[in-house]
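Indexing begins at 1, ligand by ligand and atom by atom, following the structure's order. Note that the coordinates shown come from a computational prediction; the quantities given were computed from them, not determined experimentally.
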Amino acid sequence: MAKITVPDIKARKHDGMPITMLTAYDYPLALLIDQGGIDIVLVGDSLGMVVLGYPDTVSVTMDEMIHHTKAVSRVVKNALVIGDMPFGSYNVSIKKAVSNANRMLKEGRADCIKLEGGKNMAPVVEAVVNAGIPVQGHIGLTPQTASALGGFKVQGKSADAARALFEDAKALETAGCFSIVLEAIPSPIAKVITESISIPTIGIGAGVQCDGQVLVIHDLIGLFDRFTPKFVKQYVKISDIIAKAIEEYKTEVTERKFPDEKHSFSMGSEELEKMKAALGKP
Ligand code: KIV
């Protein structure tokens with residue numbers, strides 16, 4: 001299978017086949033996701049919450065994002081790899097945004113970047129795109145600015161708020177984004193936006209009419225227990241399986257059942273006797 005490119009993703013707008021996207025932050029899960037034929041792997045700044053144990057995504061640094069993007073891009077062969085720009089890496093100045101986006105590609109080896117924000121971020125998007133770096137937008141519930149939005153809440157519920165979202169999507173399209181994540185917005189708004197722009201929309205809590213869907217992998221496999229948004233479908237509860245394995249290991253070690261012969265190394269009896277004799281042991 002050939003490596004998926006940005007033009008491939010843009011072309012999917014018209015072929016009717018929904019785009020699949022999942023987050024990954026390390027080698028083992030990125031490998032499974034890529035082997036599973038997922039189109040896009042996002043090294044999301046959700047890293048901060050599901051892997052690094054921060055209370056939110058605001059604390060995540062550029063260096064942390066690059067460290068994990070490197071691990072993912074080292075293993076992914078087919079999917080498009082997107083490096084998420086953390087809070088503070090692109091909202092200070094356009095110069096800093098372009099420079100940090102360059103780092104994401106040069107050091108992290110991502111294929112492109114994602115950043116949060118609508119109209120307000122259009123000049124940043126334009127500058128990064130002009131620097132030759134493809135950008136995925138992200139509007140609706142933007143976790144980095146959740147405090148300004150009044151918390152982790154569904155966005156765009158009033159007619160005015162929905163119109164503002166529509167304008168944000170249009171501004172990002174004009175600025176040159178190759179796709180836009182729509183997070184936690186009513187499905188009818190996501191449908192209108194999807195039908196009104198020429199680039200693919202990727203939904204997370206935005207209904208089935210988007211051009212694609214994304215989930216945080218730790219939510220999908222049940223490996224994050226702090227909270228589960230309504231839009232998350234947990235396909236397996238892997239944490240129960242891991243907890244059971246840890247419990248069995250603990251029991252077997254304390255009862256001296258592990259390691260058994262199958263998991264131990266033996267030694268020729270002649271050599272053993274020689275060693276015992278040399279040490280004066282019976
Ligand atoms: O950081 C992240 O995982 C994201 C997805 C939820 C889209 O931005």
J.: Mind checking whether Ile38 and Ile238 sit in one hydrophobic cluster, side chains of I, L, V, M, F, W, Y counted as touching below 4.5 Å?
T.: yes
J.: Does ligand 1 come near enough to Asp84 that some N or O of the ligand is less than 3.5 Å from an N or O of the residue?
T.: yes
J.: Is His138 touching ligand 1 with its side chain, its backbone, both, or neither, if touching means heavy atoms under 4.0 Å apart?
T.: side chain
J.: Under a 3.5 Å cutoff, is there a donor and acceptor pairing between the side chains of Gln144 and Thr57?
T.: no
J.: State the CG-CD1 distance between Leu22 and Ile33, to the nearest 0.5 angstrom.
T.: 5.0 Å
J.: So which bit of Leu47 gets within less than 4.0 Å of ligand 1, heavy atoms only: side chain, backbone, both or neither?
T.: neither
J.: Should Glu116 be counted as touching ligand 1, given the test is an N or O pair under 3.5 Å?
T.: no
J.: Is any NZ, NE, NH1 or NH2 atom of the basic residue among Glu195 and Lys191 found under 4.0 Å from an Asp or Glu carboxylate oxygen of the other?
T.: yes
J.: Which ligand 1 atoms are under 4.0 Å away from a heavy-atom of Thr23?
T.: 3 (O)
J.: Look at atom 8 (O) of ligand 1 and say which protein heavy atom is nearest, naming residue and atom and giving the distance to 0.1 Å.
T.: Lys114 NZ, 2.9 Å
J.: Nearest non-hydrogen contact with atom 3 (O) of ligand 1 belongs to which option: Gly140, Ser46, Gly203, Gly44?
T.: Ser46
J.: How long is the span from the CG atom in Asp211 to the NZ atom in Lys10, to the nearest 0.5 Å?
T.: 13.0 Å
J.: Any non-hydrogen side-chain atom of Phe152 less than 4.5 Å from a side-chain atom of Pro229?
T.: no
J.: Could you list the atoms of ligand 1 found under 4.0 angstrom from a heavy atom of Val216?
T.: 3 (O)
J.: Considering non-hydrogen atoms of the protein only, which is the closest contact for atom 7 (C) of ligand 1, and what is the distance?
T.: Leu42 CD2, 3.7 Å
J.: Check ligand 1 against Ile204 and write out every atom of the ligand that is under 4.0 Å from a heavy-atom position of the residue.
T.: 6 (C)
J.: Roughly how far, to the nearest 0.5 Å, is the NZ atom of Lys3 from the CG atom of Leu80?
T.: 6.0 Å
